[in-house]
Asker: 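Have a look at the structure that comes next, please.
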Amino acid sequence: MSLDKSITHVILTGGVGSRLWPLSRKSRPKQYLEIFEGKSLFEMTVDRNSHLANKVMVVGNVDNHQLSGKVMDKTNTSYINIIEATPRNTAAAIAFAAFASEPDDVLIITPSDHIIDQMDNYNQAISEAVSKANEGFIVTFGVIPTKPETGYGYIEAKGDNVISFREKPNETTAKEFISKGNFLWNSGMFCFKASVLLEELKKFQPDVYEKSKAVWESSKDGFLDLDLSMEIPSISIDYAVMERSKKIKVVPASFSWSDLGSFESVYDYLNSKGHSTDSNGNMVIGCDKHTTFLGLKNTIFVYTETANLILQKESSQDVKDIYSELEKQNSELLN
C-alpha cells in the first residue's frame, strides 16, 4: 500500500468490558489483560496495524492512559496521545482524532479490544477502505457473519452501499438477517479523511462539532479540559454521522472478528488456540491451579485475586447485570 499520503491508526481505548467482570475492572479493563499468549488485546491491535499506518494516535482517558502508555513502550511505538477528561461517547472521541490531524490525513479507527484473525483478508479490507477514503467516502467495515449473533449490531448492505444500520437483534431477527445473506456485523471500525468526517459531523451534529473543537483547542499536551468536555453531547459516531451521511460506504470483509465482549467469545477464542478444557467442555480462566468440575458441562470458572465467577457458558451476556448490581452498591470489587 502506498504511504505517500499520511495514514494514521487511531486506537479508541474507552470501555470497561463489564461483561468480563471479574477479569475486567476499572483499574484494568479487558483491553489491557495479558491473557492472550502473554499479550493484551491492545498490544495485538497495535501490532496488526503497525505496517498499515505511518502514525498512531491513542484516544484514552484519565483512568487508562498510563496503561496505554505501558503498551506503547512495550511495542516501542511513538504516538500522539489524546486524554479525555470524561467519556463522551465515540462521536467526540473520533472528532478529537480528526481535529488532531491534517485535513487530508486518512484515519483508520479501531477499538483496542477486538480480536482479528486471517490477516491477509484484513489487510485487503484496509487497503480497499483507504482507497475509498481517498475518494472522499466515510468507510465502515462490515464483517461477513458466521452465525446469527445477538451481541452485535448489523449493517444491511448492497455491494458497498449501506441500506440501513440495525441495532443488536433478538435471536429470531438475527436468524432472518443471516438467511437474507446481505447483512454484515457492524465492526465499529472506520476509515476516512479527517476533513470529510469533520464536515459531516458539522452538518449533522453542529453542537458536537463546535464543542469538541473548543475542547481540542484548549487542550494541553493532549489532556482535555473537564468542564468544557462535560458540555459535549454524549453521542455515538453511528448515530451522529454513519446513519445520516450520504457519503458512507461499507467494505464487506471476511477476516475473522470478535469483540470478545463476553466469556462465551473468550472461551471460543481460547479454545481455538488450544487452551485446555475437560471432556465436558469446562474451562478455567485466570488460574493454573488444578480444578475439577464434577457433574457440570460448559462451565467457565474465572479466577482473580479478589473475586471468582462461576458461570454456564450460555449465561455470558448476563454478567453485565452482576456488574450493574455491584455498581449500585459502589463495590470495591469493580476497581
Side-chain angles (χ1 to χ4, degrees), residues 15-21 24 30 89-91 110-111 113-118 121 125 139-190 234-245 248-272 277 280-283 296-300 302 309-325 327:
V16 180
S18 59
R19 288 174 298 168
L20 292 188
W21 181 88
S24 190
K30 70 169 177 172
N89 213 318
T90 50
T110 76
D113 56 358
H114 291 181
I115 205 111
I116 289 174
D117 278 323
Q118 296 165 302
N121 298 356
V139 184
T140 173
F141 293 81
V143 177
I144 296 166
T146 51
K147 59 174 201 252
E149 173 65 62
T150 57
Y152 302 149
Y154 284 73
I155 296 168
E156 185 184 2
K158 191 172 182 182
D160 67 355
N161 292 315
V162 175
I163 299 169
S164 69
F165 287 89
R166 302 293 184 91
E167 297 296 314
K168 296 176 182 174
N170 61 26
E171 189 97 4
T172 318
T173 310
K175 285 180 174 150
E176 276 172 31
F177 287 175
I178 300 298
S179 68
K180 286 194 173 135
N182 65 327
F183 281 78
L184 306 163
W185 287 337
N186 188 350
S187 69
M189 291 171 46
F190 310 102
S234 179
I235 293 175
S236 75
I237 194 71
D238 294 69
Y239 174 67
V241 175
M242 300 298 152
E243 294 177 13
R244 301 159 82 171
S245 169
I248 309 298
K249 292 281 182 196
V250 60
V251 168
S254 56
F255 51 81
S256 81
W257 172 86
S258 166
D259 73 351
L260 285 198
S262 70
F263 279 113
E264 183 168 14
S265 51
V266 171
Y267 175 104
D268 291 343
Y269 177 74
L270 291 175
N271 205 15
S272 75
T277 53
N280 287 316
N282 301 305
M283 180 185 281
L296 297 170
K297 276 193 168 73
N298 294 337
T299 298
I300 306 173
V302 185
L309 173 67
I310 300 161
L311 71 152
Q312 289 279 194
K313 188 165 69 135
E314 295 71 33
S315 302
S316 294
Q317 295 292 342
D318 302 334
V319 176
K320 64 177 179 302
D321 301 339
I322 302 171
Y323 191 95
S324 310
E325 203 44 52
E327 223 166 11

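The structure displayed is predicted, hence computed values, not measured ones. Note that the numbering runs from 1 along the sequence shown for the chain.
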Asker: Quick one: does NZ or CZ of R166 land under 6.0 Å from the six-membered ring centre of Y152, within 45 degrees of the ring axis?
Answerer: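 The answer is no; the distance or angle limit is not met.
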
Asker: Do we see a donor-acceptor contact under 3.5 Å between the side chains of N282 and K297?
Answerer: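 The answer is no; no qualifying pair exists.
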
Asker: Using a cut-off of 6.0 Å, state whether more than 12 heavy atoms not belonging to E167 lie near its atom CD.
Answerer: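 Not buried by this count: 12 neighbours or fewer within 6.0 Å.
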
Asker: Listed by chain and number, what are the side chain to side chain contact (heavy atoms under 4.5 Å, CB included) partners of S18, not counting sequence neighbours?
Answerer: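 S18: side chain to side chain contact (heavy atoms under 4.5 Å, CB included) contacts with K320, Y323.
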
Asker: How about D321 and S324: does a side-chain donor come under 3.5 Å of a side-chain acceptor?
Answerer: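 Not at all, the side chains of D321 and S324 share no donor-acceptor pair under 3.5 Å.
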
Asker: Quick check on F165: does its CZ atom have over 12 non-hydrogen neighbours (other residues, nucleotides or ligands) under 6.0 Å away?
Answerer: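 Count over threshold, so yes.
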
Asker: Please report the shortest heavy-atom distance between V241 and I248, naming the atom on each side.
Answerer: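 Shortest heavy-atom contact: O-CD1, 4.4 Å.
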
Asker: Looking at G261 and K30, what are the two nearest heavy atoms and their distance?
Answerer: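 What the structure gives for the nearest pair is CA-NZ, 3.7 Å.
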
Asker: E171 and T150: side-chain donor and acceptor closer than 3.5 Å?
Answerer: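 No pair is found: no donor N or O on one side chain lies under 3.5 Å from an acceptor on the other.
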
Asker: What is the distance from atom CD1 of I144 to atom CD1 of I178, rounded to the nearest 0.5 Å?
Answerer: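 Rounded to the nearest 0.5 Å, the CD1-CD1 separation comes to 11.0 Å.
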
Asker: Can you tell me how far OG of S164 sits from CZ of F183, rounded to the nearest 0.5 angstrom?
Answerer: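 The CZ atom of F183 sits 5.5 Å away from the OG atom of S164.
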
Asker: Which value, rounded to the nearest 0.5 Å, describes the distance between L260 atom CG and D113 atom CG?
Answerer: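 The distance works out to 8.0 Å.
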
